[in-house]
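None of the values given here were measured: they were computed from a predicted structure. Every chain is numbered from 1 and lettered A, B, ... according to where its sequence line falls, protein lines coming before strand lines.
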Protein chains: 2
Amino acid sequence: MKDTHRSGCPINLTLEILGDRWSLIVLRDMMFGNRRHFRELLTKSEEGIASNILADRLRRLVDKGLISRQDDPSHKQKAIYSLTEMGIWLVPVFAAMGSWGRKFLPVTEELSIRAELLEDGGPALWDAFMSELRALHLGAPSPERSVFAELQAAYEAAVLRNRMSKAV
Amino acid sequence: MKDTHRSGCPINLTLEILGDRWSLIVLRDMMFGNRRHFRELLTKSEEGIASNILADRLRRLVDKGLISRQDDPSHKQKAIYSLTEMGIWLVPVFAAMGSWGRKFLPVTEELSIRAELLEDGGPALWDAFMSELRALHLGAPSPERSVFAELQAAYEAAVLRNRMSKAV
DNA sequence: CAAAACTGCTTGCATAATACAAGCAGTGTT
DNA sequence: AACACTGCTTGTATTATGCAAGCAGTTTTG
C-alpha cells in the first residue's frame with residue numbers, strides 16, 4: 001500500500017498498475033474468456049502463468065480496485081473473481097492494444113479474431129460489451145445483445161476453420 | 001532476438017514488447033515531449049529512469065522496430081532517436097490508457113491535460129497528431145495543424161495556472 | 001466410505017529484471 | 001587548459017519472475 005507515485009501522469013500511473021507482463025493477461029482472460037476461478041486462470045490460458053505470480057496479481061488487482069473477490073456459495077473453498085467498473089473500463093484499452101498488435105505483430109488468426117471484431121465494432125460495440133460485462137460481473141440486468149457470445153462464436157469458428165484446413 | 005512467443009494473441013504479443021514499467025514512458029517522452037537524445041530522456045522525465053535501464057530500453061525498442069537510431073550530424077557523439085511508423089501508431093493506445101488513467105487514478109491536472117485533449121479530440125485529432133509525428137520523426141511534409149503545439153500550449157498554460165494559484 | 005480429484009493457494013530455490021551510484025573516453029565550449 | 005556535455009558501461013544491491021513441489025481442506029467418484 002505504498003502511496004509514493006513516480007509522477008501524476010496518467011500514462012505513468014496506469015503503468016504503475018498494469019506495467020508488467022501478467023496483469024493484463026489475467027484481466028484479458030477474465031474479460032474475454034470469462035475465467036472467474038483461480039484454477040481456470042491458472043490452467044486455461046495459453047501463456048502459462050505460474051501459480052505464485054497469479055496469486056500475487058490477483059491480490060494486487062483486488063487491492064488496486066480492478067477486480068473483486070467473493071466466496072463461491074457452491075464450494076466452500078472456491079473464490080470468484082469479478083471485474084469491477086474500473087476493470088470493465090479497460091475495454092477500450094484492450095481494443096487499442098489489440099489493434100496495434102494485430103497491425104504490427106505476428107498474431108495468429110484464431111487468437112486475433114476477437115481483436116478484429118472489437119476494432120471493426122468501434123466504440124458502439126465496446127459500450128455494448130461493457131454493458132454485458134456489468135451483467136456478468138456486477139449483477140446488472142442483462143442487455144439483449146451478447147457481444148461476448150459473438151466474440152466467442154467468432155473465435156470458435158476460427159478454431160474450427162483452422163482444424164479443417166490442417167486435417168487435409 | 002528470441003523468437004519464442006508465449007502465444008499469438010495480440011494482447012500478449014503487445015505485452016511482450018511493452019509490458020514493463022519503462023518502455024511506454026520512454027515512448028511517451030519521445031512522442032509528447034519530443035525528447036530525441038539520451039540525456040534528454042534521462043534527465044527531463046518526471047519519473048527518473050536509470051541510465052542503464054534507459055540504454056537497455058532504447059536498444060530493445062530499436063530492435064523491435066518501434067524507434068530508430070541515427071547519428072546526429074551536429075555532434076559526433078550524439079545519437080538521435082526517432083519514432084518509426086510502428087511507434088507512431090501507439091497514439092491510440094496512449095489515448096486509451098490516458099483516458100483510463102484520468103478516470104480512475106490520482107492524476108495531476110498539469111500532467112493530464114494532454115490526455116484530456118487527446119480524449120476530447122478523438123480519432124480525428126489522433127490522425128492529425130500522427131501526421132505531425134511523421135513530419136517530426138520521419139521527414140514527411142509538415143501538416144498545417146500542429147497538434148503538438150496545441151498539446152504543449154495547453155500543458156504550459158496549466159503549469160502557469162498552477163503556479164499562479166500557488167503564489168497567492 | 002475410502003480413494004481420487006479438485007480447491008486456492010504457499011514455499012523454496014534459481015534466474016532475471018530493476019534501482020542506484022559512480023565512472024569513462026571522447027567531443028565541444030569557454 | 002579547464003570544464004561541461006555526449007552516450008553510454010560497470011558494479012552492487014534489491015526486487016520480480018519462473019519453476020516444481022506441496023498442503024489442508026472439500027467434493028466427487030467407484
Side-chain angles (χ1 to χ4, degrees), chain A residues 1-2 4-7 12 15-27 29-30 33-64 67-82, chain B residues 1-2 4-7 12 15-27 29-30 33-64 67-82:
Chain A
M1 200 79 65
K2 57 179 161 186
T4 58
H5 296 297
R6 300 188 301 191
S7 86
N12 172 61
L15 286 176
E16 287 186 16
I17 293 182
L18 300 174
D20 71 280
R21 259 174 209 57
W22 289 110
S23 296
L24 282 171
I25 294 286
V26 172
L27 290 162
D29 284 351
M30 290 182 65
N34 201 33
R35 313 270 155 70
R36 308 292 292 275
H37 301 288
F38 190 94
R39 291 273 175 179
E40 279 183 307
L41 289 162
L42 184 66
T43 60
K44 292 189 185 171
S45 89
E46 294 260 339
E47 291 84 10
I49 189 171
S51 59
N52 53 348
I53 308 288
L54 175 58
D56 179 74
R57 287 309 177 279
L58 288 170
R59 231 178 287 128
R60 275 181 50 177
L61 291 173
V62 168
D63 195 58
K64 299 291 184 183
I67 63 178
S68 69
R69 195 200 124 116
Q70 297 147 264
D71 292 338
D72 186 334
S74 80
H75 189 305
K76 289 191 177 172
Q77 276 185 323
K78 268 190 176 175
I80 303 183
Y81 291 95
S82 306
Chain B
M1 196 89 54
K2 57 179 160 186
T4 58
H5 297 295
R6 300 189 301 190
S7 87
N12 173 61
L15 286 176
E16 287 186 17
I17 293 182
L18 300 173
D20 71 280
R21 260 175 209 59
W22 289 111
S23 297
L24 281 171
I25 295 286
V26 171
L27 290 162
D29 284 350
M30 290 182 66
N34 203 33
R35 314 269 155 71
R36 307 292 292 275
H37 302 288
F38 190 95
R39 291 273 174 178
E40 278 182 309
L41 288 162
L42 184 67
T43 60
K44 291 189 185 170
S45 88
E46 295 258 339
E47 291 85 8
I49 190 171
S51 59
N52 53 348
I53 307 289
L54 176 58
D56 178 75
R57 287 308 176 280
L58 288 171
R59 231 177 287 129
R60 275 182 49 178
L61 291 172
V62 168
D63 195 58
K64 298 291 183 183
I67 63 177
S68 69
R69 195 200 124 114
Q70 296 147 264
D71 292 338
D72 186 333
S74 80
H75 189 304
K76 288 191 178 174
Q77 277 185 322
K78 268 190 177 176
I80 304 182
Y81 291 95
S82 305

Check: Less than 4.5 Å apart, any side-chain heavy atom of A:Arg21 and any of B:Arg6?
Finding: yes

Next item on the list: Using atom CZ of B:Arg35 as one end and atom P of D:dG7 as the other, report the distance to the nearest whole Å.
Entry: 14 Å

Note to self: Taking 4.0 Å as the cut-off, does a side-chain nitrogen or oxygen of A:Trp22 come that near to OP1 or OP2 on D:dA16?
What the structure shows: no

Notebook entry, point to check: About how many Å separate CD of B:Glu40 and CD1 of B:Ile80, when rounded to the nearest 0.5 Å?
Noted result: 10.0 Å

Check: Is there a side-chain contact between A:Arg36 and A:Tyr81, using heavy atoms and a 4.5 Å cut-off?
Finding: no

Next item on the list: Compare the minimum distances between each of C:dG28, D:dG18, C:dC20 and the side chain of B:Lys76, then state the nucleotide with the smallest one.
Entry: C:dG28

Check: Can you find a heavy atom in the side chain of A:Val26 that is under 4.5 Å from one in the side chain of A:Ile67?
Finding: no

Next item on the list: May I have the distance from A:Asp71 (atom CG) to D:dT27 (atom P), rounded to whole angstrom?
Entry: 12 Å

Notebook entry, point to check: Within this structure, what is the CG-to-P distance between B:Leu54 and C:dC20, rounded to whole angstrom?
Noted result: 14 Å

Notebook entry, point to check: Looking at the side chain of A:Ile53, which of C:dT18, C:dT10, D:dT17 is the nearest nucleotide?
Noted result: D:dT17

Item checked: D:dT17 phosphate, OP1 or OP2, under 4.0 Å from B:Arg6 side-chain N/O -> no

Note to self: Test of understanding: with side-chain hydrogen bond (donor to acceptor under 3.5 Å, both in side chains), list the residues that count as partners of A:Ser23, not counting sequence neighbours.
What the structure shows: A:Asp20

Checklist line | Protein-nucleotide distance (B:Tyr81, atom OH; D:dT6, atom C1'), rounded to Å | finding: 11 Å

Check: Would you say a side-chain N or O of A:Arg57 is under 4.0 Å from OP1 or OP2 of C:dC9?
Finding: no

Check: Among D:dC19, D:dG7, C:dT10, which is the nearest nucleotide to the side chain of A:Ala50?
Finding: D:dC19

Notebook entry, point to check: Within this structure, what is the CG-to-C1' distance between A:Leu41 and C:dC9, rounded to whole angstrom?
Noted result: 13 Å

Checklist line | Sugar-phosphate, base or nothing in reach of A:Asn52, heavy atoms under 4.0 Å | finding: base

Check: In whole angstroms, how far is the C1' atom of C:dC20 from the CG atom of B:Leu42?
Finding: 12 Å

Next item on the list: Starting at atom CZ of B:Arg21, determine the distance to atom P of C:dA17, rounded to an integer number of angstrom.
Entry: 14 Å

Next item on the list: With sequence neighbours excluded, tell me which residues meet side-chain hydrogen bond (donor to acceptor under 3.5 Å, both in side chains) with A:Asp72.
Entry: A:Ser74

Next item on the list: Determine whether A:Leu58 and A:Leu54 make a side-chain contact, defined as any pair of heavy atoms from C-beta on separated by less than 4.5 Å.
Entry: yes

Checklist line | Nearest-nucleotide comparison on DNA chain D, the residue closer to the 5′ end among B:Lys78 and A:Gly19 | finding: B:Lys78

Next item on the list: Among C:dC20, D:dT6, D:dT26, find the nucleotide with the atom closest to the side chain of A:His75.
Entry: D:dT26

Margin query: Could you walk me through whether A:Ile25 and A:Ile49 satisfy the side-chain contact (heavy atoms from CB on, under 4.5 Å) test, starting with their C-alpha distance in whole Å, then the side-chain angles of each, then the deciding distance to 0.1 Å, before giving a yes or no?
Written below: CA-CA 9 Å; A:Ile25 294 286; A:Ile49 189 171; 6.0 Å; no

Notebook entry, point to check: If you fit an axis to the five pairs at each end of the helix from C:dC1-D:dG30 to C:dT30-D:dA1, how big is the angle between those two axes, to 10 degrees?
Noted result: 20°

Notebook entry, point to check: At under 4.0 Å, does any side-chain N or O of B:Arg59 touch on OP1 or OP2 of D:dT9?
Noted result: yes

Notebook entry, point to check: For the pair made of CZ in A:Phe38 and C1' in C:dC6, what is the distance, rounded to whole Å?
Noted result: 13 Å

Notebook entry, point to check: Is a donor-acceptor pair below 3.5 Å formed from side chain B:Gln77 to base D:dG7, judging by atom type as modelled?
Noted result: no

